[in-house]
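Contents: one structure, followed by commentary.
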Amino acid sequence: MAMPSHRRYHITTFGCQMNKADSERMAGILETMGYEWVAEPDEADLILYNTCTIRDNAEQKVYSYLGRQAKRKQTQPDLTLVVAGCVAQQEGEKLLRRVPELDLVMGPQHANRLQDLLEAVLNGSQVVATEPVHIMEDITQPRRDSTVTAWVNVIYGCNERCTYCVVPSVRGVEQSRSPQAIRAEMELLGQQGYREVTLLGQNIDAYGRDLPGTKPDGSHRHTFTDLLYFVHDVPGIERIRFATSHPRYFNERLIRACAELPKVCEHFHIPFQSGDNDILKAMARGYTHEKYRRIIDKIRDYVPDAAISADAIVGFPGETEEQFQNTLKLVAAIGFDQLNTAAYSPRPGTPAAQWQNQLPEEVKSDRLQRLNHLVAHIAAERSQRYLGRVEEILVEARNEKDPTQVMGRTRSNRLTFFPGKIEELKGKTLPVKITEVRAFSLTGVPLEAAVLQ
Ligand code: SAH
Ligand code: SF4
Ligand code: F3S
């Protein structure tokens, strides 16, 4: 194959952190192949859309982007068009029929194989790669967006069967990486100057179930808790985060580990989806709202100031006003620091999409608005506790809206701005006195400056 010379690539990423991490690895592969990044898609010779299909609007967005670039291909025939990620996996061959200009359609499990697949494309084939595969350990260096914080995949796929969700069918079955591979990646990040790692998985607390080495009592040798103990002392890494946790697998041992291990940050992202037991049952989530509350209580026993965030769906098929109220009650009772909310969207191939008891769009959007209103109110209340406190902030970037300020996060994941020069502060952790609070962000002054005032 002729090596492409001065070919430029652009990647647009939709969807969750899993997709963002995959995009960084695919960008790394393209750069090893000699491609150069270009910010403007219209200037690229290769465009890769890493797609999401969690809700219908996410999927439709992809088609409108694609249509534009497909047209451009008529005047620029050597443009390479790639669709990766979850829409690619869901639609497969159908996507080629819909957009014949496409060169490559590749599911998320194939991200690390991008070079092989592109070689086939450059040899003149149209390629569809959506068959389930064992995910290869990656030897390419990802091209990471940040030089301070990094994602590290821990477990791919999902073995749950929530009745509304496409993820198991587009991401495949659970595949845990070995503890050694995860630690090796983190050690390299520490050497490269990264300070924070977020361990990633759809249900990260289900980690290790597919690894060899079950103990005689049936439990697993490499649980997620074991993994935290195994990686927590990696030199250079100051903070460890993880997402997403499933209430079904979240246990006291994990909470204790988070309390014990100083690098593990005081933030827990544990989606509950609904505050009503009948809806939870129809969703096949495998827990009750009482169990969810017990988990949060336990977290607060061990880590009193922990920030709690979650995901929730409103307007699930058959959800009554009273059942929706149970979600509002749970949200008020827990006091979430942040909540990702969504109106239920019927997805192809999922059981709930077939049910007759779908709710009208107006009901769903009305409930979504009411929930969002409550969330903003509660988050603003939760933010109050930071006022006047000194928080440890890891500086990530300039504040895009005010270049005299830098942006970082508290250990509890609150976005925080304060005056400072990014050239001096990037990657540093420093005490900042919080002087202003908003629902989802804070403003402060570095402690030395605060003392002088
Ligand atoms: N594995 C995680 C979440 C993965 S998907 C978990 O189980 O909690 C991210 C979020 O998208 C979900 O938590 C859910 O709130 C939302 N979501 C998934 N399918 C959806 C659908 N069909 N309609 C609306 N929201 C959905
Ligand atoms: Fe989807 Fe449920 Fe798996 Fe989360 S646990 S990814 S919501 S099927
Ligand atoms: Fe979307 Fe796929 Fe993530 S559907 S939310 S990009 S797993």
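In each ligand, atom 1 is the first atom listed, and ligand 1 is the first ligand listed. Numbers for residues simply follow the sequence, beginning at 1.
- Considering CD1 of Ile29 and CD of Glu24, their distance stands at 12.5 Å, rounded to 0.5 Å.
- For atom 2 (Fe) of ligand 2, the N/O/S atoms of Cys162 include one lying under 2.8 Å.
- Closest to atom 3 (Fe) of ligand 2 among all protein heavy atoms lies Cys158 SG, 2.3 Å.
- Close contacts of ligand 3 with Cys16, meaning ligand atoms under 4.0 Å from a residue heavy atom, involve 3 (Fe), 5 (S), 6 (S), 7 (S).
- Set against the non-hydrogen atoms of Gln202, the atoms of ligand 3 under 4.0 Å away are 7 (S).
- What sits closest to atom 7 (S) of ligand 2 on the protein, heavy atoms only, is Tyr164 OH, 3.3 Å.
- Interface of Arg285 with ligand 1, defined as ligand atoms under 4.0 Å from a residue heavy atom, comprises 6 (C), 7 (O), 8 (O).
- Of the candidates Gln17, Arg347, Arg171, Glu59, it is Arg171 that places a heavy atom closest to atom 7 (S) of ligand 3.
- Within the listing of ligand 3, atoms 1 (Fe), 4 (S), 5 (S), 6 (S) sit less than 4.0 angstrom from a heavy atom of Cys52.
- Remark: ligand 2 atoms within the under-4.0 Å shell around heavy atoms of Cys165 are 1 (Fe), 6 (S), 7 (S), 8 (S).
- For ligand 2, the atoms sitting less than 4.0 Å from at least one non-hydrogen atom of Arg285 are 2 (Fe), 5 (S), 7 (S), numbered in the order shown with element in parentheses.
- Taking a cut-off of under 4.0 Å to the non-hydrogen atoms of Asn19, the atoms of ligand 3 that pass are 6 (S).
- Using a cut-off of 4.0 Å between Lys/Arg side-chain N and Asp/Glu carboxylate O, Asp205 and Arg253 are scored as not salt-bridged.
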Does Tyr292 form a ring pair (Phe, Tyr, Trp, His ring centres under 6.0 Å) with His289? I'd like the steps, not just the answer. CA-CA 5 Å; Tyr292 187 83; His289 78 86; 9.5 Å; no
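- Only the side chain of Cys86 comes within 4.0 Å of ligand 3, judged by heavy-atom distances.
- Within the 4.0 Å heavy-atom criterion, neither part of Thr350 lies near ligand 1.
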